[in-house]
> 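Structure provided below as structure tokens; questions to follow.
Start at 1 with the first residue, then count along the sequence.
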Amino acid sequence: MSSYLSHAPDGKRNGDIYRDYIDDRNAASEDTLYATSNGVPYPHPYESQRVGENGPLLLQDFHLVDLLSHFDRERIPERVVHAKGSGAHGYYKTTDPLDDLCLADIFQAGKECPITARFSTVGGESGSHDCARDPRGFALKFRTEEGNWDLVFNNTPVFFLRDPAKFPHFIHTQKRDPATHLSGADDSTMFWDYLSQNPESIHQVMILMGDRGIPDGYRHMNGYSGHTLKLVNKKGEWVYAQMHMKTKQGIKNLTQEESMTKSPDHSQKDLYYAIENGDYPGWDVYFQTMTPQEAEDLWENEKINVFDLTHVWPHAKFPLRKVGEFYLNENAKNYFAEIEQACFNPAHMPPGIEPSADPVLQSRLFSYPDTHRHRVGSNYQQLPVNAPRTPYRIGNFQRDGQMAFYNQGSRPNYLSSIAPISFRNRTVDLSSTHGHFIGNAVTFLSEIRPEDFNAPRALWERVWDEGARERFISNVSGHMSTCRKEECIKRQIGIFREVSDDLANRLEKATGIKGYPGISDLRFNGTHNGMARDKNNRVANGMTSKVGLSITENNGGPRKGTHKDLKANTAGAN
């Protein structure tokens, strides 16, 4: 075989000749040559082959068929949730080491890593308005030396639900009506129907309809994990933790009236041009931590459940501890490649960070990578924006499938004794980090209880001033004006009355609808009613069977003794 066939002119082997991602990303148009997808130069992109100057097209015209075929497939399915988004690249740095609580390498003093961030609305479609009254997603990909760590946040510390099976149903209510095909902007019936049957959403509803419901762009909002994680140190001791990303730019929100004056791409434009002009946005990274014993005491004494996405941890008892900061200083060269194809998976955790028994988090550990495999492809992590950047070569036995660019060569695709793969010693003892889950299989659905109204009541009575209360009533009543079912509004006012009589009375006046006097005489189809006077109203959806009723005394909280015989770090105690 001639040297010409086995080597390229520059000395590389034929197997080394490929289009380099970094070179392609940074090449100028003037440095490229127009060619078909298989690399053949072509005279002009607008030409087509015909039978004569006025005859039909020729099927043999590969250039045209190739062009149209790719065009027909240029859209991957948009995200079911968080479809409308923006993003950028940057870097994270640990400013205050956390190695007393966590063995993750990234939390050692001075450690840095590149990151990619994506911000988004939640319920809207890919072409929806950036200034919709909607929570905002806040996702980060930390490319640590121990693999990628993906974090998924919202700009609110709580969410609408705490039972994972509700999530698809709730999101359906944020989409278009199956009959009218109208969105929530023109028909809010589904929205209020769901909320009025699932009152644990009340805290999130208060935030969403209040002054924080429409952030003024992505630079001026915080990010909250909402979910509870675990931090494990080198001694095997662990604490519960929640993360907070605090904007360095200050919080800024829009009123309902101001939002109507903004561009549909207001947040995208604001983020892009801030970075383009060198005004790099930054956030401080904080943790709240508590020991397992503190988690049990918090439930026993205050009925705050660390596994409940609708509850928040009191800052006075569990203060924020800063660990680092990050900045976004680079816009994407190509939005689709670097932001739309960016896939964030909360199951991606480096050693030292573990999930808790938070049920909605547990469901997301499955749901996120599953949707990425469907939407982008089984090898989505091989795309440059998703690929880890570790100082070691990665070997495993995941081969083949669509878009398998890095298919691990000729190495054995099984655990071979002839050509063995290397292993690193275990750094986290899972048997001591996670609970000894021994018990009967149960069906579980949470119930609404008086403690679920404590935080919303504090928001109305102590946090908001009179102007904020008036704007809240205006926002809610305005949104309810397109609700076609009066019963939904009556029920929702009853839920609001458990927060405050004043709130409910104002809303009745604004809507002209008399609501229920509270929830003690209501039955909900989405949750058990622990405040019902009639025992028949306590169970959800008219469930009457005495077998397998999903009501539990602890409502999913860490009852006393949950962490028995587990070694727990006391350094996180406050």
> Does His172, at its NE2 atom, have more than 12 non-hydrogen atoms belonging to other residues, nucleotides or ligands within less than 6.0 Å?
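For His172, atom NE2 is not crowded (no more than 12 foreign heavy atoms under 6.0 Å).
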> Between Lys485 and Asp193, does any NZ, NE, NH1 or NH2 come within less than 4.0 Å of an OD or OE carboxylate oxygen?
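Salt bridge: no.
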> Under 6.0 Å from the CD atom of Gln382, do we count more than 12 heavy atoms belonging to anything else shown?
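Buried by this count: over 12 neighbours within 6.0 Å.
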> So, are Arg364 and Asp370 salt-bridged, with charged N and O less than 4.0 Å apart?
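Not counted as a salt bridge, because no side-chain N and carboxylate O are separated by less than 4.0 Å.
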> Is it the case that more than 12 heavy atoms not belonging to Lys246 sit under 6.0 Å from its NZ atom?
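Atom NZ in Lys246 is crowded, with more than 12 foreign heavy atoms closer than 6.0 Å.
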> Taking side chain as C-beta onward, heavy atoms only, is Leu459 less than 4.5 Å from Phe472?
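Not touching, per the 4.5 Å side-chain cut-off.
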> Have a look at Gln492 and tell me which of Glu487, Gln197, Met480 forms a side chain to side chain contact (heavy atoms under 4.5 Å, CB included) with it.
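The single option meeting the side chain to side chain contact (heavy atoms under 4.5 Å, CB included) with Gln492 is Met480.
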> Going through the distances and angles, do Phe138 and Trp283 end up as a ring pair (Phe, Tyr, Trp, His ring centres under 6.0 Å)?
CA-CA 12 Å; Phe138 193 127; Trp283 285 260; 5.6 Å; yes
> A side-chain contact here means heavy atoms from C-beta on lying under 4.5 Å apart; do Arg133 and Gln256 qualify?
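Yes, their side chains come closer than 4.5 Å.
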> For Lys175, is there an ion pair with Glu125 - N to carboxylate O distance below 4.0 angstrom?
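Answer for the salt bridge query: no.
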> Do Asn331 and Glu276 have side-chain heavy atoms sitting under 4.5 Å apart?
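A side-chain contact under 4.5 Å exists here.
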> With under 30° as parallel and over 60° as perpendicular, where do the rings of Tyr194 and Phe170 fit, or are they tilted in between?
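Geometry flag for Phe170 against Tyr194: tilted rings.
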> Between Glu258 and Lys252, does any side-chain N to carboxylate O distance fall below 4.0 Å?
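The answer is no: the pair does not qualify as a salt bridge.
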> Looking at Glu145 and Arg389, is there a salt bridge between them, counting it only when a charged N and a carboxylate O are closer than 4.0 Å?
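A salt bridge is absent here (no side-chain N lies under 4.0 Å from a carboxylate O).
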> Check Glu330 with Arg25, please: is the shortest side-chain N to carboxylate O separation under 4.0 Å?
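Salt bridge flag = yes for Glu330 with Arg25.
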> Does the pair Asp279/Arg219 count as a salt bridge with the N-to-O cut at 4.0 Å?
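Salt bridge flag = yes for Arg219 with Asp279.
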> Please state whether the rings of Tyr224 and His244 are parallel, tilted or perpendicular, taking 30° and 60° as the class boundaries.
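Ring orientation of Tyr224 relative to His244: perpendicular.
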> Does atom CD of Glu74 have more than 12 heavy-atom neighbours from other groups under 6.0 Å away?
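Yes, the 6.0 Å shell around CD holds more than 12 heavy atoms from other groups.
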> For the residue pair Lys141 and Phe344, would you count it as a cation-pi contact if the rule is NZ or CZ under 6.0 angstrom from the ring centre and within 45 degrees of the ring axis?
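Yes, a cation-pi geometry.
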> Compare all side-chain heavy atoms of Asp187 with those of Arg176 and state whether any distance is below 4.5 angstrom.
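Asp187 vs Arg176: side chains apart.
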> Within a radius of less than 6.0 Å around OH of Tyr392, do more than 12 heavy atoms belonging to other residues, nucleotides or ligands occur?
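Yes, OH of Tyr392 has more than 12 neighbouring heavy atoms, counting only those of other groups under 6.0 Å.
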> Measure the shortest side-chain to side-chain distance between Val499 and Ile202 over non-hydrogen atoms and say whether it is less than 4.5 angstrom.
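Yes, side chains in contact.
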> Side chains of Gln408 and Asn396: is there a donor and an acceptor less than 3.5 Å apart?
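The answer is yes; a qualifying pair exists.
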